[in-house]
Amino acid sequence: QVQLVESGGGLVQPGGSLRLSCAVSGSIFSIYTMAWYRQAPGKQRELVADINSAGITNYADSVKGRFTISRDNSKNLGNLLMNNLKPEDTAVYYCYAKIRPSYFDYGPLDSWGQGTQVTVSS
C-alpha cells in the first residue's frame, strides 16, 4: 500500500510562482520515476515533467524554462517549482511515482496522488 500526498496548489496571478510537493509513503523499497501530470477541464491528462532515479529530467515543451522538477530520494519526496505561471497552466496537478515495492519485488507499481488544483488568474 502506497500513498502519494500532494501539497502546494492554490491561486496565483500570472507571472507568479508556486511550489508543489509530493510525499510518498507506505511499502516502498525505492522509486524509479517521479512525475507530475496535469489535467485541465475538458482536456486529457498530460505529462508536465518527470525525473528518474539518476536525476535525469524531462519536460513538456510548454513548461521548459519555467518549471523545475526535483526529488529527494532519502525522504521519498518530489517537488515541482513553477515560475512565470500562465493562465494556461491552470489545471489539477497529479503526482505520479513508479515504485519498486520491496527488495524481492521489482514491480513496478504505478501510484498516483489525489491531485491539487493550480489556478492562474488575475
| request: Measure from NZ or CZ of Arg45 to the centre of the six-membered ring of Tyr94, then state whether that distance is under 6.0 Å and the direction lies within 45° of the axis. | output: yes
| query | Between the side chain of Tyr106 and the main-chain N/O of Pro101, is any donor-acceptor distance below 3.5 Å? | reply | no
| task | Examine the side chains of Asn52 and Thr33 and answer whether a donor and an acceptor come within less than 3.5 Å of each other. | result | no
| Glu88-Thr90 side chain donor-acceptor pair, cut-off 3.5 Å | no
| request: Identify the heavy atoms of Pro14 and Ser121 that sit nearest to each other, and give their distance. | output: CD-C, 3.6 Å
| said: Can you confirm whether Arg66 sits close enough to Met82 that some side-chain heavy atom of one is under 4.5 Å from a side-chain heavy atom of the other? | reply: no
| said: Using a 3.5 Å distance criterion without hydrogens, assess whether the side chain of Arg71 forms a donor-acceptor pair with backbone atoms of Asn73. | reply: no
| field | Residue pair Met34 / Val24, side-chain heavy-atom distance below 4.5 Å | value | yes
| task | Decide if atom CD of Gln3 counts as having more than 12 heavy atoms of other residues, nucleotides or ligands within a radius under 6.0 Å. | result | no
| field | Members sharing Phe104's hydrophobic cluster (side chains within less than 4.5 Å) | value | Phe29, Tyr103
| query | Say you draw a straight line from NZ of Lys75 to OG of Ser25; how long is it, rounded to the nearest 0.5 Å? | reply | 15.0 Å
| remark: Output for pair (Leu20 CG, Thr116 OG1), nearest 0.5 Å, gives 6.0 Å
| request: Mind checking the CG-SG spacing from Leu4 to Cys95? Nearest 0.5 Å is all I need. | output: 4.5 Å
| task | Give a yes or no on whether Val120 and Val48 share a hydrophobic cluster (residues Ile, Leu, Val, Met, Phe, Trp, Tyr; joining criterion: side-chain heavy atoms under 4.5 Å apart). | result | yes
| note | Heavy-atom nearest pair, Ser17 first then Asn84, reads OG-N, 4.3 Å
| field | Side-chain touch Arg19/Asn79, heavy atoms, less than 4.5 angstrom | value | yes
| Partners of Ser27 by side chain to side chain contact (heavy atoms under 4.5 Å, CB included), sequence neighbours excluded? | none
| message | Is the shortest side-chain heavy-atom distance between Val118 and Leu18 below 4.5 Å? | response | yes
| Joint cluster assignment, Trp112 & Leu47, ILVMFWY side-chain distance < 4.5 Å | yes
| request: Check the pair Gln39 / Gln44 against side-chain hydrogen bond (donor to acceptor under 3.5 Å, both in side chains), numbers first and verdict last. | output: CA-CA 6 Å; Gln39 187 167 20; Gln44 288 190 332; over 6 Å; no
| query | Quick one: salt bridge (charged side-chain N to carboxylate O under 4.0 Å, His left out) pairs with a partner in residues 21-43, sequence neighbours left out? | reply | Arg38-Glu46, Arg38-Asp89
| CD/Gln1: more than 12 non-hydrogen atoms of other groups inside 6.0 Å | no
| message | Using every non-hydrogen atom in the two residues, find where Ser53 and Ile31 come nearest and quote the distance to one decimal. | response | CB-O, 3.9 Å
| Atom pair CG (Asp50) and CD1 (Ile69), whose distance is rounded to the nearest 0.5 Å | 6.0 Å
| What about the rings of Trp36 and Tyr93, do their centers lie closer together than 6.0 Å? | no
| query | If you round to the nearest 0.5 Å, how far is CG of Asn76 from CD1 of Ile28? | reply | 4.5 Å
| message | So which atom in Tyr59 and which in Phe67 form the shortest heavy-atom distance, rounded to 0.1 Å? | response | CE2-O, 3.2 Å
| message | Measuring only between side-chain heavy atoms, which start at C-beta, is Leu80 closer than 4.5 Å to Thr68? | response | no
